[in-house]
Protein chains: 2
Amino acid sequence: MTAIDLTLATPACRGCPIRHRAVCATCEPSELSRLEGMKSYRSWSAGQTIVMEGAELDFAASIVTGCATLTRSMEDGRVQMVGLLMPSDFIGRPGRAQAPYEVVAATDVTLCMFDRLGFERLLAETPHLSTRLLEMSLDEIDAAREWMLLLGRKTAREKVATLLSIILRRAATGKTPLRAELPITREAMASYLGLTIETVSRQMTLLRKDGVISMAGARTVLCDDLAALMAEAGDDADGDVIS
Amino acid sequence: MTAIDLTLATPACRGCPIRHRAVCATCEPSELSRLEGMKSYRSWSAGQTIVMEGAELDFAASIVTGCATLTRSMEDGRVQMVGLLMPSDFIGRPGRAQAPYEVVAATDVTLCMFDRLGFERLLAETPHLSTRLLEMSLDEIDAAREWMLLLGRKTAREKVATLLSIILRRAATGKTPLRAELPITREAMASYLGLTIETVSRQMTLLRKDGVISMAGARTVLCDDLAALMAEAGDDADGDVIS
DNA sequence: CGCTGATTTGAATCCTCTCAACTCGCGTGG
DNA sequence: CCACGCGAGTTGAGAGGATTCAAATCAGCG
């Protein structure tokens, strides 16, 4: 939680951990070298605000490492998470200078950043880039709609089970029991799920007592039977969109 | 509610009511003439299913007239609306053949349809088209996130007030009192808001008794004071995204 | 060791849902 | 003409799930 901004030496795209998943995934060497000239790395530590709600947004960026949250809030302080950004996810809205959401680093985060106008120009001239961004945006829409089903219709228990199954599947290594470090606090989980912290905590306790999951400390989840967890989540085991 | 499919004579793009708002908005005459050769109109009457959840989706389309709903459902029958499509909105997901949602005509609907593969080919060759689709997709993401805030954090009263204000603003003619015919049933309203029919009905009664709105029959809403309605909706009066 | 923030647990309240009955508008047919 | 059925919408009573407020416990760290 120390409030230190780091401007790192910016490494080459070759060897970048998100090279084949981010917005630049389908770029050719010549296109990549143009990006190379524009980009700069910057890091935030967990808890820091990257962009304030309503503030001017003069860059576009990809998440290289770490995890950030997108939230919208109401005047009286109620907050809803509307995006959970993981490595390779894109931040920014070509054609708009204002950020409609707050972006906060959930863990330590490193972004690969581009000047907004420069990026927009490049986007207009590089079909590989705009096609990829369209593809990512369509995935984002699917994910948002899945999320809407969760927020609108699932019970607290199903919500918590859904989030845990998402995190466990993303961290899956093939070994059982599945094991994952929760990248977010209970508060962020509650914000994701449209619940209160207390309800999240209670449901995790119940899932544990019912033998669906187990925990090693407050931040590490274990699960022997992902199918059972997904049944608790109210999803059919295969009907999930990978995003 | 009569179950009649109509295949209409397909009019020219020139003079199309959604010519300047749909995915084709920025196409030039030459591009338009290619679209012209591919398109065909088709109509559904209110209540009919246009695409079943999980079914093959072999077309892309724009809504020309009417209103359609996108819904996702759970195995036990719970249903959440995840999209409310109005004229100029786009249906289809380039690059994917399966429909993850059910599409139903809320009112009588006419679509301007394209063969999916032909449309994808055209999309790849026509930057005007893909840029416009990207723009529309980004708007869609913003709308979905606004909707997530509603589903996750708003009270029943705020939810209903929000939906009514959206409908009234869309139908606005400048004259007061604002007046709009509700294009959807109470059931669809409930599905949109993540509530039950009964709760929607009760909240509308309360808003009426509190003088925020009035009604002419069950399907026509009137409102003298949009600012008051939007205050009930929990939004700041100007912080809304136009989509 | 003791502080601070994060998490868990408890008790009471409140909001929304469930189940049920009732009203309304409308077209059908005796 | 009116009874009838039907679907949409409204209203009521009671139950239940999530929240609120409060206190206790835990974990990490100087």
Student: Of the nucleotides C:dT7, D:dA18, D:dT10, which one has an atom closest to the side chain of A:Thr185?
Tutor: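 So the nucleotide nearest the side chain must be C:dT7.
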Student: How many whole angstroms separate atom CD of A:Gln203 from atom C1' of D:dT19?
Tutor: 13 Å
Student: On DNA chain C, nearest-nucleotide positions of A:Val200 versus A:Arg153: which is more 5'?
Tutor: A:Val200
Student: Is A:Thr196 close enough to D:dA18 that one of its side-chain N or O atoms is under 4.0 Å from OP1 or OP2 there?
Tutor: no
Student: Would you kindly give the CD-to-P distance between A:Glu181 and D:dG28, to the nearest whole Å?
Tutor: 10 Å
Student: For D:dT11, take OP1 and OP2 only and decide whether either is under 4.0 Å from a side-chain N or O of B:Thr205.
Tutor: yes
Student: If the cut-off is 4.0 Å, is A:Arg219 near the phosphate of C:dT7, judged by side-chain N/O to OP1 or OP2?
Tutor: yes
Student: Between P on D:dG9 and CZ on B:Arg208, what's the gap in Å once rounded to a whole number?
Tutor: 13 Å
Student: Would you say a side-chain N or O of A:Arg202 is under 4.0 Å from OP1 or OP2 of C:dG10?
Tutor: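 Negative; the distance criterion is not met.
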Student: May I have the distance from A:Met215 (atom CE) to C:dT8 (atom P), rounded to whole angstrom?
Tutor: 7 Å
Student: Could you give the CG-to-C1' distance, from B:Leu195 to C:dT18, as a whole number of Å?
Tutor: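 About 14 Å, once rounded to whole Å.
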Student: I want to check one thing: is the phosphate of C:dC15, taken as OP1 and OP2, less than 4.0 Å away from some side-chain N or O of B:Thr155?
Tutor: no
Student: If you find the nucleotide of DNA chain C closest to B:Arg157 and the one closest to A:Lys209, which residue's nucleotide is nearer the 5' end?
Tutor: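 By nearest-heavy-atom nucleotide position, the 5'-most residue is A:Lys209.
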Student: Measure CG/B:Leu206 against P/C:dT16 and give the value in whole Å, please.
Tutor: 11 Å
Student: Determine whether more than 12 heavy atoms belonging to other residues, nucleotides or ligands lie under 6.0 Å from atom CZ of A:Arg78.
Tutor: yes
Student: Could you tell me whether the side chains of A:Gln48 and A:Ser45 share a donor-acceptor contact shorter than 3.5 Å?
Tutor: yes
Student: Taking atom P of C:dT8 as reference, at what distance in whole Å does atom CE of A:Met189 sit?
Tutor: 9 Å
Student: I want to confirm an ordering. Mapping A:Ala156 and A:Glu198 to their closest nucleotides on DNA chain D, which one lands closer to the 5' end?
Tutor: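 First, find each residue's nearest nucleotide; the 5'-ward one identifies A:Ala156.
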Student: Do B:Asp235 and B:Lys154 meet the salt-bridge criterion of a basic N to acidic O distance under 4.0 Å?
Tutor: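 Judged by the 4.0 Å cut-off on N to carboxylate O distance, B:Lys154 and B:Asp235 do form a salt bridge.
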Student: Do B:Ser40 and B:Thr10 meet the criterion of a side-chain donor-acceptor pair at a distance under 3.5 Å?
Tutor: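 No, no side-chain donor-acceptor contact under 3.5 Å.
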Student: Which listed nucleotide (D:dG12, C:dT8, C:dT16) is nearest to the side chain of B:Thr199?
Tutor: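 Closest nucleotide to the B:Thr199 side chain: C:dT16.
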Student: Any donor and acceptor pair, going by atom type alone, linking the side chain of B:Glu158 with main-chain N or O of B:Thr155 inside 3.5 Å?
Tutor: yes
Student: Give the rounded distance in Å between these two atoms: CZ of B:Arg186 and P of C:dT23.
Tutor: 19 Å
Student: What nucleic acid atoms does B:Ser201 come within less than 4.0 Å of, heavy atoms only: base, sugar-phosphate, or nothing?
Tutor: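 Answer is base: heavy atoms of B:Ser201 come under 4.0 Å of a base.
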